[in-house]
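Here is the structure we will look at.
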Amino acid sequence: MARTAASDDDDDGPPTYTVARGTRRDPRLKDLGISCMLNTEVAALLAVIRRRPDPYSYLPPAVAAAEETVFAGLIQSLKALRALLFQPRHGAWRCSDPSMYLSPFLDVVQSEEVPPAATGVALSSMLKILRIDVFDECSPGARDAIQAILTAVTNCRIERIADAGAGAEEAVLLRVLQVLAALLRARAAPLLSDSAVCTAVNTCFQVVQHAASSRGSELLQRTARHCMHEILQAVFARLPDIREEADDDISLASAAGFGARCMVDIFNFLCSLLLNATDMVMTPEGHGAFTSEEDVQLFALVLLNSAVELGGEAIGKHPKLLRLIQDDLFYHLIHYATECSPLVLSMICSTVLNLYNFLRRFLKLQLEAFFMYVILRVGSGASGLQLQEVAIEGLISFCRQPTFVIEMYVNYDCDPLLRNVYEEVGKLLCKAAYPLSNPMTTIQLQAFEGLVNMITTIADNVEVEKAPEREAYNVEITEYRLFWLERWDSNDDHGHETWVDYVRKRKLKKKKVAIAANHYNRDEKKGVEYLKLCHLVPTPPEPKSMAYFLRYSPGLDKVKIGEFLGDPDEFNLKVLKEFTDTFDFNGCVLDTALRAFLESFRLPGESQKIQRVLEHFSERFFEQQAHEVFATKDAAFILCYSVIMLNTDLHNPQVKKKMSEDDFIRNNRAINSGKDLPREYLSELFHSIASNAITMFSQGVTSIEMTTSRWADIVKRSRSMEPFTPCDFKHKLSREVFIAVSGPAVATLAAIFDYTDDEEILNQCVEGLISVARIARYGLEDVLDELLCCLCKFTTLLNPYSTTEETMFTFSNELKPRMATLALFTIANRFGESVRGAWKNIIDCLLKLKRLKLLPQSVIEQEGSTSTVSDRLGHRPRSDSGVIFPSSHRGAGTSRHVSGMIGRFSQFLSIDSAGESLLSVGNEFENNIKIIQQCRIGSMFTESGKLPDESLQNLGRALIFAAGGKGQKFSTPIEEEETVGFCWDLILLVSLANLQRFSLFWMHMHDCFTAVSQLPLFSPCPFAEKAIVVLFKVAVKLLPGQPSPDRLAEELICKSINLMWKLDKEILDTCCEGISECIVKLIMDHAGSVQTPIGWKTLLHLLSVTGRHPETFDQSVAAMIKLMSDGAHITRFNYAACIEAAFGFAALKISPLEISTEILELMADSVNWLVQWHKSGYSDPGSSNSSSSNSSSSWPDDASRMGNLATNMFIKLAETLRKTSLVRREEIRNQAVADLGRSFALAAAGDLDFGPAGCLACFNLVIFAMVDDLHEKTLEYSRREGAERETRSMEGTLAAATELLADVFVLFLGTLAQGPGFRTFWLGVLRRMDTCIKSDLAAGGGAGVMQNLVPRMLKRMIVEMKNKEVLVQVDGDELWEITNIQIQWIAPALKEELFPE
């Protein structure tokens, strides 16, 4: 407030006060408020003190006067304070010495004469002063003031107050507690010393005890404990602000206020409270402060938990505080956890969770012990169901931590010296969650939640943008290292090895060590050989590596270890020495060291072996002990042997007279270099052995009890153990984390899905299974296959014992099959690249859905692809959504409504489910169709181009074998045909999606075709019929679509086409239209894309075969004519096939004459191509694919080979024309003969060099054969009745052929005569002339043409031979003589003219 006064001369009234505008309060107003508060408190306290009755009437006058003087002094001090409250001061209250206004109140609190009411008022006044922060740490005299308050409160005479009654005492105690809590929360609290803080805590705990022991009210007891909690929170909240070096610096601590020293004392007190819980329980005599041991434990644990929560990571900076947690607290937690109430166990788990979050870097072995001795033991049910439930719940809390899973795996499962904590935890969750009853129990549900959470965490962290190659997951051990002692140091040079590689190798070595231990248990030699093979020990083995193997290998038979260590062989003795050196006995008494030593193996029974083992133990123990106890190692050895004998004597039931303590001490006299060992030392040994036997002949069963000696060993090992490594998930490590529990996890999730009917659990289970798939796609194909096979089972679609109607009813009315179906195809869509053998099961489910009429047409429809063969599916009505409905479906009944879990599951799978709920509208069939539509089944095939080779091959194999009928049962032939056609439609989709790697993909497919055709019950009829159409559709897309010629792909598809029509040749007739359409398209539009001989041969052969049908003839022959007319795509590789196909069309009965004539002329004109190729060295002119490089490798560049090739191709043409000359139609025959002659003429004109051999081959294979065949057919017709017309027709063709013989003879006479076989050849000509001229055709209607023609032909040939001097009249010329003789037989009329005497 700011006072504003008017002029003194104004008479407008009294002065006024106005409040200054703004948010900042005037400090004078706050000081005024404090003055008013203090004035009020002083007045109240004076009133209470003065209100007392005459208190001294019963006292002697002198005593009464003294008491009155005390009261007068208290009253006077209060009055003096009140007199100062409103006087002007220099500065605010905060700048004043607090003792000025605190002293009167403190005197009242500490006075023994004032009434309890006055004490309570004084405490209330102090509480107000502390709460409103009248002074702070900067106030002058604040340190003394805050200490004086604590002293006054702690010196408050509770006993005197108790005389006034329980109510008054409780009121004062409540005020004391409130003041203590406010004192530690005040701003000046840091000025308290460590001892003062401990005093405050002690005072508060005394009140807690007093409240409990005097059976105070519930309010007082709860307030006392709450106050204790507040004080600890206030103290440990300051720990993060205390510097590390202030731990042991007394002067610094006293100057800065309380520090870590008091926190160490308080923490130690709380640990002792937990340890001595039994002693704190109230006895019938009234001793003790708590009603039960559980009450003590909970009280201590709550305080400890608060201390850890507030201290946090700062605890790790203070060694003494950290040591208390490492050595004492964890032992107490483990000790009580297995034999406590569920509430205490829950608090223990929470405390350990907090310790894990803040201090796990320092608690590696302690955390391992907690999980192995508490969580795993109690969680397995060893301590009852209630504790098991709490342990599982606590474990789930750990699993919810973001990095718990990976850190457990890295720090324990990958450490060769520690247990597989993560793997054991995973197995525990699987075992606890495995359903044994329905509905599932609470424990099963909890474990199931933890399992799903763990798998989901791994899945969320394993994903990477680009998965590495499968080989990148391989880990190899290439060299020996003593990996038990290996440590990762980021400062060292590790070459190319990363930390992840290091961890993975450690895990691999640990696995192999476990395998080696298994081998060793059966055969020691095999075990050692396996160690050497895996580079786990050097070759030959060294003692140290064998010692570490025996010491740290889990599952190793302890009997075999003992036998090995006790063997007298030199190597075994060295191993024994190294084995004992792995133990640390520093600070251990003899029995503790001996227990730890003998727990690692079974002591052999032979005395000499025992002696050797104990000698090495004693030597190691002596080396690490203080020498004031044992003078020599022999003394340690003797005492060790004596302890063994004592243990046997005391704990062997066969020994009746037990050794006493005096006997034991007497037996060990003068063993320490002639002197006695300390009696106390021996006595302690005796009582330790008597109360706890040493297990020397263990059969390898690991104890699950935490003993003192075992804990001492853990504490000692923790000092030198590699610290806990906090880490985050890495892709490769995350994958291996899952591998450790993959088998039990998948089996458990599958069992739960199979067992339960609860929708919520089913959804969680599916989420877990999909998380498994997300992980398994990274190189874990076996796991993914197993998962998919389980889902296939749950769809109920593959139940061999259910009819179609039963399967349909189950699928329509149960939630589980639909969820499994949705999950199955979603996983196959998303993670198909990792699916291998499970494709078979997926295809089987798909075919079952097809038979149930539940597949939408969109499954086999692809934008831009060839239309689907409609007759395979028939003509059924369609819904607006494109779903094919069976005509028999009536749609009766209403949909079974569920609670929307399918919808939620669909959203989880990121499937577009906009619109109505899946199961909310429509009939059952429509709802089923909607579910199948959301499966996006077609995407599996249309997007199969993303699949790797192995997965794609498995998918193709599954489709082919399904199409072949393997594993399928068909009720009707129509069903079989539809199923086979559907499979081939899917093969078409897959093929079209993988054209870019067709050759790699189809090679495996073709092998599958061959394998299917050899199945015992294989039916080629529908298989080959559907296949041939699909294969040609693939060819139509494949051949033109190749950016560069892929000859292998073309060869593969053509081989498959040939295989199919050979399986069932009738399909060339039944599917002729489809085949012809595809072939014509290829030849007309994409002939340049056909690159291989087998490709042309297949296309042209099938073109000629399918072109035989009237409905396909026109388009087929048009394609043939275009191909030959253009000639751009005729090459030496397809020439023979082209000629063969042309012959097929020319010889057809349905072929019009003009068409056949045109084809024959084109065939004859093709000789020009031969001439061009011959002249150009067989590079194919006009072809887009120059084969010069190929010809250089396939055909030698020598003229003789070229000539042979030209001859062969020409002979192929000539033979084809020869065959055409035998058809029934005369016009075609005569045209063929004429074109054959024209072919010879073109060859001769083009200098197509046949050579003598080639010319002879032309005559023998073509002309002679044609004349012989025509002559035979002419004779055959002449012998038939009524065949005069046919006879005359064939006679005309024979005449033309004979004339052709003479023409070609004359044309190539020069070449023919050069051959060595000309004489034989000429005899063949004469013989055929003789045969023709002597044929009796007149009886059959012949016109006698040959009798006139043959002489003329003979004359012409002989004259030409004479002109070219091939036939010369020379004495002894055999050719002249033979010809002369033959002419006399054949045509005597010519003899005189041609051979005059």
Which pairs, with at least one residue in residues 1346-1383 and sequence neighbours excluded, count as a ring-ring contact (aromatic ring centres under 6.0 Å, His included)?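 Every ring-ring contact (aromatic ring centres under 6.0 Å, His included) pair that includes a residue of residues 1346-1383, provided the two are not neighbours, is Trp1376-Phe1395.
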
What residues, two or more places apart in sequence or in another chain, satisfy side chain to side chain donor-acceptor pair (under 3.5 Å) together with [X]?
X	answer
Asp1007	none
Arg1108	none
Arg1218	Asp1269
Asp1165	Arg1238

Just jot down the ring-ring contact (aromatic ring centres under 6.0 Å, His included) partners of [X], sequence neighbours excluded, or say none.
X	answer
Phe1210	Phe1240, Phe1250
Phe1023	Trp984, Phe1018
Trp1002	Phe998, Phe1009
Phe1259	Phe1264, Phe1321

Listing, residues 1300-1318 side-chain donor-acceptor contacts under 3.5 Å, not counting sequence neighbours, or none:
from    : atom 1 : to      : atom 2 : distance (Å)
Asp1303 : OD1    : Arg1356 : NH1    : 2.1
Asp1303 : OD1    : Arg1356 : NH2    : 3.3

Under the side-chain contact (heavy atoms from CB on, under 4.5 Å) rule, collect the residues that match up with Asp1085, sequence neighbours excluded.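 Partners of Asp1085 by the side-chain contact (heavy atoms from CB on, under 4.5 Å) criterion, ordered by chain and then number, come out as Lys1081.
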
State whether Arg1280 and Glu1276 are salt-bridged, where the test is any N-O pair (Lys NZ or Arg NE/NH1/NH2 against Asp/Glu carboxylate O) under 4.0 Å.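 Looking at Arg1280 and Glu1276, the cut-off is met.
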
Less than 6.0 angstrom separating the ring centers of His1101 and Trp1061, yes or no?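 Ring centres of Trp1061 and His1101 closer than 6.0 Å.
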
I need the Arg1288 CZ to Thr1274 OG1 distance, nearest 0.5 Å.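 Between Arg1288 CZ and Thr1274 OG1, I get 13.0 Å after rounding to 0.5 Å.
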
Please tabulate, for the side chains in residues 1153-1162, all donor-acceptor contacts under 3.5 angstrom to protein atoms that are two or more places apart in sequence or on a different chain.
from    : atom 1 : to      : atom 2 : distance (Å)
Ser1156 : OG     : Ala1146 : O      : 3.0
Ser1156 : OG     : Ser1151 : OG     : 2.8
Ser1156 : OG     : Pro1152 : O      : 3.4
Ser1156 : OG     : Arg1225 : NH2    : 3.3
Thr1157 : OG1    : Leu1153 : O      : 2.7

